[in-house]
S.K.: 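The structure under discussion is supplied below as structure tokens; questions concerning it will follow.
Order of appearance sets the numbers: ligands from 1, and atoms from 1 within every ligand.
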Amino acid sequence: MLLEIEDIRVHYGKVEALKGVSLQVDEGEIVTLIGGNGAGKTTTLKTVSGLRRLSSGRIRFDGRDISKVPGHKRVRIGIGQSPEGRGVFPGMTVEDNLLMGAYGRKGPEIAKDLAEVYTLFERLAERKGQMGGTMSGGEQQMVAIGRALMARPKVLLLDEPSMGLAPKLVQQIFSIIEEINRRGTTVLLVEQNAQQALKLAHRAYVLETGEVVKTAPAADLLDDPQVRAAYLGGDLGVADEKAAPPAVPEQRAAPEGEETQS
Ligand SMILES: Nc1ncnc2c1ncn2[C@@H]1O[C@H](COP(=O)(O)OP(=O)(O)OP(=O)(O)O)[C@@H](O)[C@H]1O
Ligand SMILES: [Mg+2]
């Protein structure tokens, strides 16, 4: 087991956002976390990457209890996160943005990893000298994922990578995630685009108001009537890629009590 979340509770002030969530991710898997707005998906990822503190429970990674390991150290032990939203440095070139992901690492592997990121994202290779802030939304999403990969994560946490993207780019991002996994990185994927996420993932968890209400092989959930009704836009007969709800960019007031801005 690469990542094991055991019965975690997380609070924002008095509000309990996660009410005892448990989930596991095996090495080599793509696991997806689906659920409606406010279910606790982002909170779960932030707690794994150390941006949120847990009130109780435990997180084990690669054989050790990391519950108390600070966030910046979790990157070094192999937890990579591409945050919800984009977080690209606007005044830095695409290449410098990517190199920020290798911060703290040294040596010739960095150039090799950069070349590898460019083979995944040809668009970034073409635009390596362009300022991050002038890249399109979809391109910035690619920069954010590429930057996370530059830290050589064992597990990559992806929060809504398809958010706000045109359908063609959505397809592209999903096939890139598949390729990242094929090249050996374990993936924990949060998506509103449940149809696509379930097609890609090996296993899935359904989160509702801070609790895991279902877990199964992803393919089984594609056929699950309750999941179809709640997250896949309806009947067995009509569901196809076009029936998946479009990813909605989220609007939220300034966070209260946020420990680290992502
Ligand atoms: N910084 C914060 N301060 C206060 N409450 C928060 C904060 N961040 C999240 N919450 C609350 O915690 C709950 C879980 O939020 P979270 O962002 O994890 O949901 P989510 O599943 O990622 O939703 P979405 O699909 O909209 O991104 C929500 O009720 C939300 O309002
Ligand atoms: Mg979220």
S.K.: Give a yes-or-no answer on whether the side chains of E191 and S162 include a donor-acceptor pair shorter than 3.5 Å.
M.R.: yes
S.K.: Does the N or O separation between A17 and ligand 1 drop below 3.5 Å for any pair?
M.R.: no
S.K.: Determine, considering heavy atoms only, which of K41, E160, H11, E191 sits nearest to atom 21 (O) of ligand 1.
M.R.: K41
S.K.: Using 4.0 Å as the upper bound for N to carboxylate O, is an ion pair formed by D113 and R152?
M.R.: yes
S.K.: Partners of E116 by salt bridge (charged side-chain N to carboxylate O under 4.0 Å, His left out), sequence neighbours excluded?
M.R.: R183
S.K.: Any nitrogen or oxygen of T43 lying under 3.5 Å from a nitrogen or oxygen in ligand 1? Just yes or no.
M.R.: yes
S.K.: Hey, which atoms in ligand 1 end up nearer than 4.0 Å to a heavy atom of T42?
M.R.: 17 (O), 18 (O), 20 (P), 22 (O), 27 (O)
S.K.: Would you say G36 touches ligand 1, if touching means a heavy atom closer than 4.0 Å?
M.R.: yes
S.K.: Show your working on side-chain hydrogen bond (donor to acceptor under 3.5 Å, both in side chains) between Y118 and E95 and close with a plain yes or no.
M.R.: CA-CA 10 Å; Y118 286 145; E95 183 145 306; 2.5 Å; yes
S.K.: Could you point out which residue of R203, H202, Q24 forms a side-chain hydrogen bond (donor to acceptor under 3.5 Å, both in side chains) with E29?
M.R.: R203
S.K.: Is it the case that atom CD in Q226 sees more than 12 heavy atoms from other parts of the structure closer than 6.0 Å?
M.R.: no
S.K.: May I ask which of G35, G13, G38 has a heavy atom nearer to atom 14 (C) of ligand 1 than the others do?
M.R.: G38
S.K.: Number the atoms of ligand 1 from 1 as they appear, then name those within less than 4.0 Å of a heavy atom of A39, with their elements.
M.R.: 19 (O), 20 (P), 21 (O)
S.K.: If you measure from each non-hydrogen atom of Q192 to ligand 1, which part falls under 4.0 Å: side chain, backbone, both or neither?
M.R.: side chain
S.K.: Would you say T42 reaches the Mg ion (ligand 2) with an N/O/S atom under 2.8 Å?
M.R.: yes
S.K.: Just jot down the side chain to side chain donor-acceptor pair (under 3.5 Å) partners of K128, sequence neighbours excluded, or say none.
M.R.: none
